[in-house]
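Below you'll find the structure, written out as structure tokens, and then a few comments.
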Amino acid sequence: SGAEAAKTLFVDIRTHQEAMFVGLATPVDAQIPYMMLTDIPEFDASRKGYKLVPNSDFLTAMENRLKAKGLSKDDRVILICRSGDRSANAANLMQKAGYSKVYSVVEGFEGDLSKDGRRTVNGWKNDGLPWSYDLSANKLTNLR
């Protein structure tokens, strides 16, 4: 309902690059990366991708977004990432920081890998939920 949405902060915690090139769930209130690319992209062979490092401004940015919406650490926060792993880790971090109602979208924005190695199985985007490539400035978080 509208009242529940008003008492909820829905945050995409993927990198800025993921949101820009893969799209954003349209109902999100903000996009605050939990992990970020290094300043000079560095290949990580174990991940078969670029190295990600924790965003040191994550909790501060989250608290600022809560306050801007008139919410507190006791209101509901829903996190979404690519597949659900980072959002689960971010939820744990937030609970340790005093947030009492933090939830993770289990399948994330793109979902799980299919047998052919593509993210086409489940997730927000594959389930036909509303999303767009159009990013609105008020949802993005400047961290520097």
Side-chain angles (χ1 to χ4, degrees), residues 1-66 68-69 71 73-97 99-144:
S1 79
E4 287 177 2
K7 288 292 227 175
T8 301
L9 185 69
F10 184 20
V11 182
D12 186 315
I13 64 156
R14 295 173 301 148
T15 67
H16 297 304
Q17 294 84 351
E18 287 173 288
M20 188 164 84
F21 295 117
V22 183
L24 197 67
T26 50
V28 299
D29 294 300
Q31 196 270 321
I32 303 170
Y34 172 64
M35 301 290 286
M36 299 174 61
L37 291 172
T38 54
D39 287 340
I40 298 172
E42 181 182 330
F43 188 72
D44 179 351
S46 66
R47 288 188 72 244
K48 296 181 182 172
Y50 289 106
K51 182 177 181 178
L52 293 175
V53 294
N55 172 9
S56 60
D57 293 326
F58 179 74
L59 288 174
T60 301
M62 193 66 69
E63 196 167 324
N64 290 341
R65 284 292 180 156
L66 272 175
K69 197 169 177 181
L71 302 176
K73 289 183 177 183
D74 293 322
D75 288 306
R76 183 177 31 240
V77 178
I78 300 172
L79 306 176
I80 189 168
C81 67
R82 180 185 63 197
S83 63
D85 292 340
R86 278 176 285 173
S87 56
N89 291 334
N92 290 339
L93 174 73
M94 291 176 68
Q95 286 172 335
K96 288 176 186 165
Y99 290 80
S100 61
K101 297 176 188 163
V102 183
Y103 303 93
S104 169
V105 175
V106 175
E107 297 167 349
F109 186 70
E110 291 184 271
D112 297 317
L113 289 172
S114 63
K115 288 180 179 154
D116 66 1
R118 297 186 178 157
R119 294 195 181 275
T120 56
V121 177
N122 50 26
W124 187 278
K125 202 172 182 181
N126 294 315
D127 286 344
L129 295 169
W131 69 277
S132 176
Y133 287 115
D134 296 331
L135 304 181
S136 60
N138 65 328
K139 292 184 180 184
L140 306 181
T141 302
N142 289 323
L143 298 171
R144 296 191 182 166

So, taking the atom named CG in Asp12 and the one named CH2 in Trp131, what distance separates them when rounded to the nearest 0.5 Å?
12.5 Å
For residues Phe58 and Tyr34, report the shortest heavy-atom separation together with the two atoms involved.
CD1-CA, 3.7 Å
Is the number of heavy atoms from other residues, nucleotides or ligands under 6.0 Å of Arg47 CZ greater than 12?
yes
Between Asn126 and Val121, is the side chain to side chain contact (heavy atoms under 4.5 Å, CB included) condition met? List the steps.
CA-CA 7 Å; Asn126 294 315; Val121 177; 5.9 Å; no
Main chain of Lys101, side chain of Arg76: is a donor-acceptor contact present, judged purely on distance under 3.5 Å?
no
Which pairs count as salt bridge (charged side-chain N to carboxylate O under 4.0 Å, His left out) when at least one residue sits in residues 80-95, sequence neighbours excluded?
Glu18-Arg86
Does Ala88 have any side-chain contact (heavy atoms from CB on, under 4.5 Å) partners at least two apart in sequence or in another chain, and if so, which?
Ser104
Partner of Lys139 under side chain to side chain contact (heavy atoms under 4.5 Å, CB included), chosen from Val28, Asp29, Ile32:
Val28
Neighbour count above 12 (heavy atom, 6.0 Å) for Lys73 NZ
yes
Inter-residue atom distance Ile78.CD1 - Leu9.CG, 0.5 Å rounding
9.0 Å
For the side chain of Asn122 and the backbone of Asp127, is there at least one donor-acceptor N/O pair under 3.5 Å apart?
no
Between Thr26 and Pro130 (side chain of the first, backbone of the second, donor and acceptor by atom type, cut-off under 3.5 Å), is there such a pair?
yes
Please check: side-chain N/O of Lys125 versus main-chain N/O of Val22, any donor-acceptor pairing under 3.5 Å?
yes
Just by distance, do the side chain of Gln31 and the backbone of Arg14 share a donor-acceptor pair under 3.5 Å?
yes
Has the side chain of Asn55 got a donor or acceptor atom that lies under 3.5 Å from a matching backbone atom of Asp57?
yes
